[in-house]
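Take a look at the structure set out below.
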Amino acid sequence: MADDLIITASTKEEKYKQLLPQIEALLNGEDDAVANMANVCAALKYGLNFFWVGFYLVKNNQLVLGPFQGPVACTRINNGRGVCGAAWQKAHTLIVPNVDEFEGHIACSSLTKSEIVIPIFNKNNTVIGVLDVDSDELNSFNDVDEHYLKQILDLILFK
Ligand code: SME
C-alpha cells in the first residue's frame, strides 16, 4: 500500500522534482500500464493540483479515453481533432496557453483554460496515445512541464 505523496516545495519545478522519485517508487515493480497510468494521473492531479489529468490511447484509429482524474471527459477523439488529436497527428507536444484561441479545441469542460498534450510513442516511434493535462487557469504550462511529464511517462512500460 502506497503512502500519500508528500509535496512541500513551492515552485512548480521543485514540486516536479519532489514528485518524480515518489512516482518512480509507486510504479517500481509494477508492469501493468493501466495501473501505472491510473496512479500517475492521481499523483499529478493531487501532487500538482491540476484540473484534469488523463490518458487517451489509440484504438482503431481513434483516441479513446483511458485512466484519468478529474471531471468526466469525452471518450473518443479523431486524428487531428482538438489539441489531443493534433498532438497525435503531429507527433509532438502541444502547449496551449489559452484553449479559446486554439481552433478546434474540444471543450470537455468549460473550466479548462490551458493545456499540455504529450504524445506517447512505442518502440517503432508510432504514437500509441497521449497524456493530456488541463488547467483551469490561463498560461499554466511551459517546457518545465514538458520536461518532467516526459520523464514521468518514461517510467510507464507501454506494451
Ligand atoms: N481538450 C482536449 C479534449 C480532452 S479534454 O480536455 C479532457 C482537446 O481539445 O483535445
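Note that ligands are numbered from 1 as they come in the structure, with each ligand's atoms numbered from 1 the same way.
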Any N or O of [X] closer than 3.5 Å to N or O of ligand 1:
{"X": "Ile106", "answer": "yes"}
{"X": "His105", "answer": "yes"}
{"X": "Glu115", "answer": "yes"}
{"X": "Cys108", "answer": "no"}
{"X": "Val83", "answer": "yes"}
{"X": "Asp134", "answer": "yes"}

Is a donor from one side chain sitting under 3.5 angstrom from an acceptor on the other, for Asn78 and Gln62?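 Side chains of Asn78 and Gln62: pair found under 3.5 Å.
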Between His105 and Glu115, does any side-chain donor sit less than 3.5 Å from a side-chain acceptor? yes
Within the distance-only criterion (no hydrogens, no angle test), does the side chain of Ser114 pair as donor or acceptor with the backbone N or O of Ser140 below 3.5 angstrom?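 Yes, because the side chain of Ser114 sits within donor-acceptor range (under 3.5 Å) of the backbone of Ser140.
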Say whether, by atom type as modelled, one donor and one acceptor occur between the side chain of Asp143 and the main chain of Glu146 under 3.5 angstrom. no
Just say parallel, tilted or perpendicular for the rings of Tyr16 and Phe50, cut-offs at 30° and 60°.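 Ring orientation, 0 to 90° scale: tilted.
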Mutual orientation of the aromatic rings belonging to Phe68 and Trp52 [parallel < 30°, tilted 30-60°, perpendicular > 60°]: parallel
Is the contact between Phe68 and ligand 1 made by the side chain, the backbone, both, or neither, using heavy atoms and a 4.0 Å cut-off? neither
Against heavy atoms of [X], which atoms of ligand 1 measure under 4.0 Å?
{"X": "Trp52", "result": "7 (C)"}
{"X": "Tyr56", "result": "4 (C), 7 (C)"}
{"X": "Gly82", "result": "9 (O), 10 (O)"}

Among Cys84, Ala86, Gly85, which one has a heavy atom closest to atom 10 (O) of ligand 1? Cys84
Taking the side chain as every heavy atom from C-beta outward, state whether Leu63 and Leu57 have any pair of such atoms under 4.5 Å apart.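 Leu63 vs Leu57: side chains apart.
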Answer yes if Phe158 and Val64 sit in the same cluster of Ile, Leu, Val, Met, Phe, Trp and Tyr residues linked by side chain heavy atoms under 4.5 Å apart, and no otherwise. no
Among all protein heavy atoms, pick the one closest to atom 4 (C) of ligand 1 and tell me residue, atom and distance. Asp132 OD2, 3.3 Å
